[in-house]
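Predicted model only: the values in this text are computed from it and were never measured.
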Amino acid sequence: MHQLFIPAPEAGCGNSVEPVQNTLLRALALIVITLLFCSGGRLALAQAIYGSISGTVTDASGAAVPNATVTVTDIAKGTTKTVQSNSGGFYTVDQLIPDTYSVEATATNFTPAKANSVTVAADTTQTVNLQVNVGGANQTVTVTSEAPALKTDRADVGQVLGERQLQNLPNLNRNFTSFALLTPGVQRSSFNIAPTENPQGTTALNANGSNYGTLGYVLDGTDNREPVDGIIVINPTLDSISEMKVDTQNFPAEFGGSVGGVVTAQTRSGGNAFHGDAFFYRRSDALAARNPFTNFQRDPVTGRFLPSALYSQFGGSVGGPIRKNRAFFFLDYQGTRQKVGTSLQQNVPTATVRNTCLNAASATCDLSQYGSGVISNALVTPQGRALLSAFPQPNAGAAGAITNNYIASGSGNNDGDLADTRLDYQVTSTVHAFGRYDYANFRLFGAPALGAAGGQGFGIGNTTGTDQVQNQSVSVGFDWAIHANLLTDFRFGFLDYHVVENKFDVGTAPATAAGLPNLNTGALDTSGSPTFNVVDNSISPFGTQGCNCPLQESEQVFQLVNNWTKIVGNHSFKFGADIRYALNLRNASDSNRSGQLSFNNTTGAGSGIGAVLTGQIAQFQRFDVYNNNAANRQKRGGFYAQDTWRVTPKLTLDYGVRWDII
C-alpha cells in the first residue's frame, strides 16, 4: 500500500474577510464546474458516514465477468442497491449505512453467487469477490467472505469497533471515549479539562505523541469537537452507537481540522424488527475500603467512617420500523446520578491561636507554633480576626499540630441526563435521508471542606460551587442518486456547548462583611469569597478554591458538508467542501474576580498566618472581564480532492490534496 498526500498551503492569518470569501466562492464554483464536466461517469459518495462494498465478479477459470448485476441488501432494513460490474469485472457499491448486508451477483448463463452477513463500517471498504459458474439461475453458489490478512483497499492506519464490541467489552462507566485507548498509538493525555467543564468524563487523548487537542471527533459525519477546549461535545451513550473508528495516520483528505487523528462514530438506526433494552447499574461506598489517614474515626455528624458515595447509571433504548422497508426510528436515554464521597485532610489554625488571637480583650496573640512568637493583640486587625473566625476548630492530629489537623468528609453530586433520537427514511429508491438529535444536561455541586472559609471542595475533582453544562448536537443529511452517473450527499451539522459555573457563595459579599473594601464591588461577577493563599503553608489556602468561576462558556458551530465521488474504471475520484461558522464566547476567571491575596513570611510578620492576622499582604491580583458579552466569530472552509486507484486487486494507490482556511 502506498499513499501520497499533498497538503495545500495555509491561508495567511492576515488575510481580510473579503479575500477569504472570494476564495470560498471560487472554490465552490470550481466544484460546480467539475461536476458539470465529469457528469458522464458514475459517481459514488464520500465515506465519512458511509461504508462501501467492492470486489470482482469472475467465473470458475478466474476470467472477469463484465456487466454482472450485483445487488446489495441491508438485512435489517430490507433496502437494496444494485450496480453493474465493469469490463474488468470490478464493482463497487457506495453510500451504505453501517450495517450487515448480503451481496448477490447474477449474470446471463451463470449461476448466481451470494455472500451473506457482510459487515460494513463507515469509512471502510469491505472486499467481497464473487465467483459465478456456468449453469442455470435456479442454483446459487454461497461465498464465504473473510477479511484479507493485509488490508489492500486503503492506506489509513486505524481500528474499527463494532456494536458488539461496544456493548460487550468491559467499560466501568460505559464511557465511549475510553474505547479509543484500545487503538495502538492512542494514549491518555497529560493535559485534562476541569471536570466542571467536562462532567461527562471524556477521556483526554493524544495519538502517536501529538499534542492534546489535535484529535478530531466526528459524529454521523459532522463535527463533534468544540472549538475552544478541544473536547468532545456529545460523548454518546453506548446504546446509541453502532460503531466507532479511530484513524491515527494516513487518513484521507476528506478529513480536516485535525493532525493527531480522527475519531468517527455512527449512531444506530432502527430496522424492520423492534429491538430494545433497559439497564441499571449501581455501586456505592458499602464495599469501599477505608483510608487509614482520613477515615480512622467516625464523622461526628453522620457517625460514618466513609462519606456517602453512590454511582447509579440507568436507561434504555428502542428502535424499529415506522414503515417497513422505508422508514425507521431509534430512541435512547441514559441517566447518571453520582454522589461523590470525599474525605480531606486540611490545615486550620490551632486552638492556641484561636484562644489568644480571636479574643480582642487578650493582651497577646500567641503565634509561636508558627514561628512568629507572641505578639501584641493590638497588632491583630479586625479583618484578620474575621478571617480567622471563619475556620473550624481542629479535630485531628496531636495537640498543637499545625498541619493535617482537620479532617472533613462530605459528598458532592454530578447528575446527568442524555437522550438521542434518530430517524431514517428511504424516500425513493434513489434518495435516503436521516436526522439525528442529541441532548446532554449535567448538574454539579460541591460544598467547601472548610465551610465559610472555603478550601478544597467535596465536588467531583475536589471542586466547589454550582455548575451546569448543557450540550446539544444535530445532524441532518441525505444522499441522492440524481441519475445513474451522478450521486451526491449533503449534511447539515449544529453543535452547542454551554457552561455556567459559579462560586458556592455567589451573590454574597463576605469580603465586605469582613471589612475588606473594594473586593466585592456590587457586581455579581465579583461576589463571593476572595482567595487567600498562605504561601508558607502554615494553613491551607482558603476562600474560593477548585473553581474557575464565575465561568460562562457558550459555543455554537454551524456546518454544511457536500461530497461527491466519481468512479472511472478502477479510479475513485472524490471531492467536496466543508464550511463552518463558529460563535465562541468564553468568559473565565483564571484568578479570582473578587481578588486573590497572598501572604508569606517575607513581609516581616514571620509566618503566613501572622501576615494574615496583621494584614501584611505580599501580593494582590484580580481577574477582570470588561465585557461579559465579548465573543468571537470564526469562519472555516475545507476543500479536498482525492483519488483511490485500485491498480490491482492487491495494490491500491491513494493520493489527494486538502486546503483548510481557518
Less than 4.0 Å between a side-chain N and a carboxylate O, is that true for [Y] and [X]?
| X | Y | result |
| --- | --- | --- |
| Glu254 | Lys574 | no |
| Asp220 | Arg491 | no |
| Asp417 | Arg443 | yes |

Considering all heavy atoms of both residues, which atom of [X] and which atom of [Y] are nearest to each other, and what is their separation?
| X | Y | result |
| --- | --- | --- |
| Pro448 | Gly455 | CB-O, 4.2 Å |
| Asn414 | Pro199 | ND2-O, 3.2 Å |
| Ser527 | Lys503 | O-NZ, 3.1 Å |
| Ser52 | Thr125 | OG-OG1, 2.9 Å |
| Ser317 | Arg268 | OG-NH1, 4.4 Å |
| Asp489 | Asn562 | O-ND2, 2.7 Å |

Arg164 atom CZ: more than 12 heavy-atom contacts under 6.0 Å: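 At most 12 heavy atoms, drawn from other residues, nucleotides or ligands, come within 6.0 Å of this atom.
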Do [X] and [Y] pair up side chain to side chain, a donor and an acceptor below 3.5 Å, judged on atom types alone?
| X | Y | answer |
| --- | --- | --- |
| Asn584 | Glu555 | no |
| Asp654 | Gln642 | no |
| Thr237 | Asp332 | yes |
| Thr463 | Thr196 | no |
| Asn471 | Tyr497 | no |
| Arg436 | Ser473 | yes |
| Ser598 | Gln596 | no |

Minimum side-chain heavy-atom gap [X]-[Y] below 4.5 Å:
| X | Y | value |
| --- | --- | --- |
| Arg586 | Leu551 | yes |
| Leu219 | Leu495 | no |
| Glu501 | Leu444 | no |
| Leu585 | Asn629 | no |
| Asp94 | Thr565 | no |
| Arg633 | Leu583 | yes |
| Asp239 | Phe279 | yes |

Could you walk me through whether Asn208 and Ser210 satisfy the side chain to side chain donor-acceptor pair (under 3.5 Å) test, starting with their C-alpha distance in whole Å, then the side-chain angles of each, then the deciding distance to 0.1 Å, before giving a yes or no? CA-CA 6 Å; Asn208 297 327; Ser210 59; over 6 Å; no
Hey, what do you get for CD (Gln313) to CG (Leu238), rounding to the nearest 0.5 Å?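 Going from the CD atom of Gln313 to the CG atom of Leu238 covers 8.0 Å.
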Using the rule given for ring-ring contact (aromatic ring centres under 6.0 Å, His included), can you reason through Phe575 versus Phe573, listing the C-alpha separation, both sets of side-chain angles and the distance that settles it, and then say yes or no? CA-CA 7 Å; Phe575 50 94; Phe573 298 103; 8.9 Å; no
Does the pair Gln556 and Ser554 meet the rule for a side chain to side chain donor-acceptor pair (under 3.5 Å), with working shown? CA-CA 7 Å; Gln556 294 85 36; Ser554 179; 2.9 Å; yes
Fit a plane to each ring of Phe251 and Phe255, take the angle between them on a 0 to 90° scale, and name the class: parallel (under 30°), tilted (30 to 60°) or perpendicular (over 60°).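 Rings of Phe251 and Phe255: perpendicular, over 60°.
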Could you name each residue pair satisfying ring pair (Phe, Tyr, Trp, His ring centres under 6.0 Å) that touches residues 172-222, not counting sequence neighbours?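 Only Phe191-Tyr212 qualify under ring pair (Phe, Tyr, Trp, His ring centres under 6.0 Å).
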Please tabulate, for the side chains in residues 223-231, all donor-acceptor contacts under 3.5 angstrom to protein atoms that are two or more places apart in sequence or on a different chain.
residue : atom : partner : partner atom : Å
Asp223  : OD1  : Arg225  : N            : 3.3
Asp223  : OD2  : Arg580  : NH1          : 3.0
Asn224  : OD1  : Ile234  : N            : 3.1
Asn224  : ND2  : Ile234  : O            : 2.9
Arg225  : NH1  : Gly213  : O            : 3.1
Arg225  : NH1  : Leu215  : O            : 3.0
Arg225  : NH2  : Gly257  : O            : 2.5
Glu226  : OE1  : Val228  : N            : 3.0
Glu226  : OE1  : Asp229  : N            : 3.1
Glu226  : OE2  : Asp229  : N            : 2.6
Glu226  : OE2  : Gly230  : N            : 2.7
Glu226  : OE2  : Ile231  : N            : 3.4

